[in-house]
Amino acid sequence: MPASLDVASSTLTFDDNGRCALLFGRHHEHLAQIEQKIPVTLVTRGNEVTISGGAEQIAAAKAVLTDLDHRLEQGLDLSKSEVDAAIRMVTGEPAPQKGKAKSDEKSFRGQGELIETERKRISPRSPNQAQYVKAMQKHDLVFGLGPAGTGKTYLAVAMGASLLRRRTVDRLILSRPAVEAGERLGFLPGDMKDKVDPYLRPLYDALQDMLPEGKFATRLETGVIEVAPLAFMRGRTLSNAFVILDEAQNTTPAQMMMFLTRLGEGSRMVVTGDPAQHDLPLGTASGLDDAIGKLEGLPDIGMVHFTEADVVRHPLVSKIINAYRPKVGDADPSTGR
């Protein structure tokens, strides 16, 4: 029974003693993680955890432990990164999305936010990731915007693999601009596939993480999964497909419009990118910036903004992103102005 939030301590009792060993972690390392991030003291006795601290902190720690126990009950793994994710989901605030009132309600990793692929079940690891998953479930066109390491591409690929598994769509199409990073493809060795594969490698890696060994290659051969440079999208109508445009900040406005107008009957699109970082020639407008300006706030289009707080890679990545963020008076590194 939940304890009152105005007390100095509260006790949680778990039904499954076997799950408690996994929940607490080896040498109680998971409980130590929680104590490092939330100012509480956790004391265990058998299958009970007594939480001491301020009222809000006790509530947060209880929510984290309940979330982790629910994850174990569902048969999902529990690693250090998953414990960090649970803490982030409870203590983090989603970034306010333009045109929407900020909610005081905390986001939790519920069954509805799980993405089931053939190889694994994937859950959001931050409040903004939860918003992103919900947006992809609800809208036919979604923009995931923010810095590297926030899971924009990985979650989009996971959603596409999940819809393909459920036969909601017939094809999964992943695309990236291939020639805007300053290199000239003509100088790279090999045929066209050899030239563009390095640009598309992150998409290959994400898909191979979702599919059983061998299925990715088979579906590439049959055309069920297609990974192609953005230039190959021109002139096509993409029906009954889940289509992802990655690194969209490296498109021009004309390329972005071309891509968005490929949306056909029964299809969904996800566009990901970091508006703060592009590789376009000096003075060239970004198609992603242009699309945000034109489309943000329109009904039936989801637009989710991530921040460095959503970075789920190595903890240093969020600090690096923050350190490189332009300060007042600095020139914009992408434009030199």
Side-chain angles (χ1 to χ4, degrees), residues 97 99-100 111-124 128-146 150-177 200 202-204 206-207 209-211 216 219-220 222-230 232-249 251 255-273 287-288 291-292 294-306:
Q97 308 299 321
K100 295 182 180 180
Q111 182 68 37
E113 295 166 6
L114 279 175
I115 302 175
E116 299 232 14
T117 68
E118 292 180 61
R119 195 168 185 176
K120 59 169 64 175
R121 286 186 284 179
I122 298 159
S123 53
N128 284 324
Q129 283 196 356
Q131 286 189 353
Y132 187 45
V133 171
K134 289 177 182 177
M136 289 189 289
Q137 292 169 340
K138 180 179 179 182
H139 299 294
D140 289 340
L141 175 58
V142 175
F143 288 78
L145 311 168
T150 52
K152 305 182 301 295
T153 301
Y154 189 82
L155 288 175
V157 172
M159 182 62 71
S162 175
L163 293 177
L164 196 62
R165 169 181 171 269
R166 287 152 41 194
R167 299 186 179 179
T168 304
V169 296
D170 298 330
R171 292 180 296 159
L172 175 56
I173 301 173
L174 307 101
S175 185
R176 262 188 168 199
L200 306 175
L203 302 177
Y204 285 114
L207 269 174
D209 202 31
M210 316 284 175
L211 300 175
F216 175 51
R219 291 178 181 177
L220 275 178
T222 58
V224 173
I225 294 176
E226 180 181 348
V227 186
L230 176 60
F232 289 18
M233 296 294 105
R234 189 173 297 278
R236 302 179 61 182
T237 299
L238 305 173
S239 301
N240 300 313
F242 190 86
V243 192
I244 300 171
L245 175 61
D246 193 34
E247 298 291 343
Q249 73 273 8
T251 63
Q255 288 173 324
M256 177 63 77
M257 180 181 176
M258 177 274 291
F259 177 80
L260 294 177
T261 54
R262 301 308 94 197
L263 187 64
E265 185 177 355
S267 288
R268 303 187 194 185
M269 279 186 173
V270 178
V271 177
T272 70
L288 183 60
I292 294 170
K294 287 181 168 67
L295 302 178
E296 187 158 30
L298 292 182
D300 302 321
I301 295 178
M303 205 165 283
V304 179
H305 295 266
F306 294 90

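Here, residue 1 is the first one in the sequence, and each next residue gets the next number.
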List in chain and number order the residues that pass side-chain contact (heavy atoms from CB on, under 4.5 Å) with L164, two or more places apart in sequence or in another chain; answer none if no residue qualifies. V169, L172, R219, V224, I225

CG of N240 to CG of L163, rounded to nearest 0.5 Å, is 12.0 Å

Can you tell me if R119 uses its side chain to pair, donor with acceptor, with the backbone of M210 under 3.5 Å? no

Partners meeting side chain to side chain donor-acceptor pair (under 3.5 Å) with R262 (sequence neighbours left out): none

Smallest heavy-atom separation, S239 atom then G264 atom, equals OG-CA, 4.1 Å

Interatomic distance, CG@L207 vs CD1@I244, rounded to 0.5 Å, equals 7.5 Å

Separation between CZ (R165) and CD (E118), nearest 0.5 Å, reads 7.0 Å

Could you tell me which non-hydrogen atom of G160 sits nearest to which non-hydrogen atom of F242, and how far apart they are? CA-CD2, 3.3 Å

Full working for side-chain contact (heavy atoms from CB on, under 4.5 Å) between T251 and L230: CA-CA 9 Å; T251 63; L230 176 60; 3.6 Å; yes

What distance do T272 atom OG1 and F306 atom CZ have between them, rounded to the nearest 0.5 Å? 9.5 Å

Taking every non-hydrogen atom, the tightest pair across V271 and M256: CG1-CE, 4.0 Å

Between L245 and M233, does the side-chain contact (heavy atoms from CB on, under 4.5 Å) criterion hold? Intermediate values first, please. CA-CA 10 Å; L245 175 61; M233 296 294 105; over 6 Å; no

Could you check whether any side-chain heavy atom of H305 comes within less than 4.5 Å of a side-chain heavy atom of N128, counting everything from C-beta outward? no

Partner of L141 under side chain to side chain contact (heavy atoms under 4.5 Å, CB included), picked from L260, D300, L298, is L260

Does K120 have any side-chain contact (heavy atoms from CB on, under 4.5 Å) partners at least two apart in sequence or in another chain, and if so, which? T117, I122, Y154, D209

Check: S123 side chain, L114 main-chain N or O, donor-acceptor pair, under 3.5 Å: no

Determine the minimum heavy-atom distance between A248 and L288, stating which atoms define it. O-CB, 3.6 Å

Smallest heavy-atom separation, A130 atom then P124 atom, equals N-CB, 3.5 Å

Any pair counted as salt bridge (charged side-chain N to carboxylate O under 4.0 Å, His left out), so long as it reaches residues 152-163, sequence neighbours left out: none

Taking salt bridge (charged side-chain N to carboxylate O under 4.0 Å, His left out) as the definition, give me every residue that meets it alongside D170, ordered by chain and number, with sequence neighbours left out. none

Using salt bridge (charged side-chain N to carboxylate O under 4.0 Å, His left out) as the criterion, list what pairs up with R171, not counting sequence neighbours. none

Sequence-distant partners of F216, ring pair (Phe, Tyr, Trp, His ring centres under 6.0 Å), two or more places apart: Y204

Hey, could you give me the CZ/CG distance between R176 and L203, rounded to the nearest 0.5 Å? 5.5 Å

Student check: side-chain heavy atoms of V270 and M136 closer than 4.5 Å: yes

Pairing residues for S162 by the side chain to side chain donor-acceptor pair (under 3.5 Å) criterion, not counting sequence neighbours: R166

List for me each residue that meets side chain to side chain donor-acceptor pair (under 3.5 Å) alongside E226, sequence neighbours excluded, and say none if there are none. R236

Determine the minimum heavy-atom distance between R268 and Q137, stating which atoms define it. NH1-O, 4.0 Å

Show your working on side-chain contact (heavy atoms from CB on, under 4.5 Å) between D246 and L174 and close with a plain yes or no. CA-CA 8 Å; D246 193 34; L174 307 101; over 6 Å; no

Please round to the nearest 0.5 Å and tell me the distance separating atom OG1 of T261 and atom CE of M269. 7.5 Å

Listed by chain and number, what are the side chain to side chain donor-acceptor pair (under 3.5 Å) partners of Q249, not counting sequence neighbours? E247

